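Since the structure comes first, as structure tokens, the remarks are kept for the end.
Predicted model only: the values in this text are computed from it and were never measured.
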Amino acid sequence: VSERSARRSSEFLQLIKYISGSYDSGEGFEKLDMEISKYEASNQSGSYRRLFYLALPPSVYPSVCRMIRTYCMNPFKSRATHMLQIAVLVEFAINISAVHAASHPGWTRVIVEKPIDHYLGKELVQNLLVLRFANRFSLPLWNRDNIDNIQTVFREDFGTEGRGGYFDQYGTIRDIIQNHLLQVFCLVAMEKHVSLRPEHIRDEKVKVQSLFTFYMY
């Protein structure tokens with residue numbers, strides 16, 4: 001790591017605060033509000049924008065939203081010009097109405113978005129693009145004339161091990177197949193992208209998905 005990168009990383013880490021707490025306990029949210037208020041007090045712009053990004057299981061959205069409303073919204077009651085937003089991740093194909101049910105009139109804006117798949121950060125997955133498109137041996141051979149079939153396999157060498165709630169509410173199909181394995185499959189099957197810009201890679205993935213044929217058994 002270069003000295004410049006290390007310095008920029010250090011500067012970025014100085015902006016991060018970690019607050020630990022429970023989803024349904026006010027103590028952690030009080031600490032969160034205090035830390036946010038300290039930062040706002042040091043901000044001389046006079047305009048405060050609070051964005052709560054909930055990368056959480058959908059089942060705890062209502063509880064967390066209630067806690068935020070109770071402990072982290074008080075400064076905004078008398079500040080009509082200030083903005084408060086909440087962003088939620090729709091990661092497990094839940095009913096979208098359940099997300100809006102967790103919102104509250106106090107939110108200035110509720111954002112619903114698809115998350116970035118953390119599987120894309122794995123070194124093996126990142127290497128797929130290099131293996132396919134930066135390798136002069138595999139690039140001309142990686143096509144339907146030379147490949148008979150592709151099998152995307154997900155294996156674990158352990159059992160449920162305390163993840164019963166995860167499998168009861170979401171499970172492998174809603175989480176792993178439609179997110180992680182689909183991303184890996186698109187990287188394996190897509191055509192060469194114009195550049196490494198995210199939108200260009202995304203466009204090629206969309207082309208692959210538009211050709212899917214689903215079989216129901």
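- In Gln126, the CD atom is crowded: over 12 heavy atoms of neighbouring residues, nucleotides or ligands sit closer than 6.0 Å.
- Within a 6.0 Å sphere centred on CG of Leu124, heavy atoms belonging to other residues, nucleotides or ligands number 12 at most.
- For the side chain to side chain contact (heavy atoms under 4.5 Å, CB included) with Leu187, the qualifying choice from Leu131, Leu120, Leu182 is Leu120, the only one to do so.
- Scanning all heavy atoms of the two residues, the minimum distance from Asn146 to Pro140 falls at ND2-O, 4.2 Å.
- Enclosure of atom CD in Glu191 is not indicated, since only 12 or fewer non-hydrogen atoms of other residues, nucleotides or ligands lie within 6.0 angstrom.
- Counting all heavy atoms, side chain and backbone alike, Tyr18 lies closest to Ser20 at CE2-CB, 3.9 Å.
- Note: the hydrophobic cluster containing Val208 also contains Ile177 (ILVMFWY, side chain heavy atoms under 4.5 Å, direct or indirect links).
- The two atoms that bring Met67 and Gly26 nearest to each other are SD-N, 4.0 Å, heavy atoms only.
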Do Arg202 and Glu199 pass the side-chain contact (heavy atoms from CB on, under 4.5 Å) test, and can you show the C-alpha distance, the side-chain angles, and the key distance before you say yes or no? CA-CA 5 Å; Arg202 178 205 58 207; Glu199 56 268 28; 3.5 Å; yes
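- Atoms CE and CZ, on Met190 and Arg132 in that order, are 6.5 Å from each other to the nearest 0.5 Å.
- Atom CD in Gln209 sits 9.5 Å away from atom CZ in Phe185 (nearest 0.5 Å).
- Counting only heavy atoms from C-beta outward, the side chains of Ile19 and Glu35 approach each other to under 4.5 Å.
- Looking at Ile201 and Leu129, their side chains come closer than 4.5 Å, going by heavy atoms from C-beta outward.
- Residues Arg144 and Asn149 fail the side-chain proximity criterion, which asks for heavy atoms closer than 4.5 Å.
- Among all heavy-atom pairs drawn from Asn135 and Phe137, the shortest one is OD1-N, 2.8 Å.
- Between the side chain of Ser210 and the main chain of Lys207, a donor-acceptor pair closer than 3.5 Å is present.
- A salt bridge does not link Glu204 with Lys192: none of the charged nitrogens is closer than 4.0 Å to a carboxylate oxygen.
- If you chain together hydrophobic residues whose side chains sit under 4.5 Å apart, Leu15 and Met34 never meet in one group.
- Ile150 is connected to Tyr119 through a chain of hydrophobic side-chain contacts under 4.5 Å among Ile, Leu, Val, Met, Phe, Trp and Tyr, so both are in one cluster.
- A donor-acceptor contact shorter than 3.5 Å links the side chain of Ser9 to the backbone of Ser5.
- Between the CG atom of Asp33 and the OH atom of Tyr71 there is a distance of 11.0 Å, given to the nearest 0.5 Å.
- A 4.5 Å side-chain heavy-atom check between Gln183 and Asn179 finds every atom pair outside the cut-off.
- Inter-residue side-chain proximity for Ile147 and Trp142 is flagged as met; some heavy-atom pair is nearer than 4.5 Å.
- Between His193 and Phe133, some side-chain heavy-atom pair lies under the 4.5 Å cut-off.
- What you find for Leu32 and Cys72 is that their closest heavy atoms are CD2-SG, 4.2 Å.
- Hydrophobic clustering places Leu181 together with Phe212 (ILVMFWY residues linked when any side-chain heavy atoms are closer than 4.5 Å, directly or through intermediates).
- The structure places NZ of Lys31 at 9.0 Å from OG of Ser25, a figure rounded to the nearest 0.5 Å.
- The aromatic ring centroids of Phe52 and Phe29 lie 6.0 Å or more from each other.
- Atom CZ of Phe154 has more than 12 heavy atoms from other residues, nucleotides or ligands within 6.0 Å.
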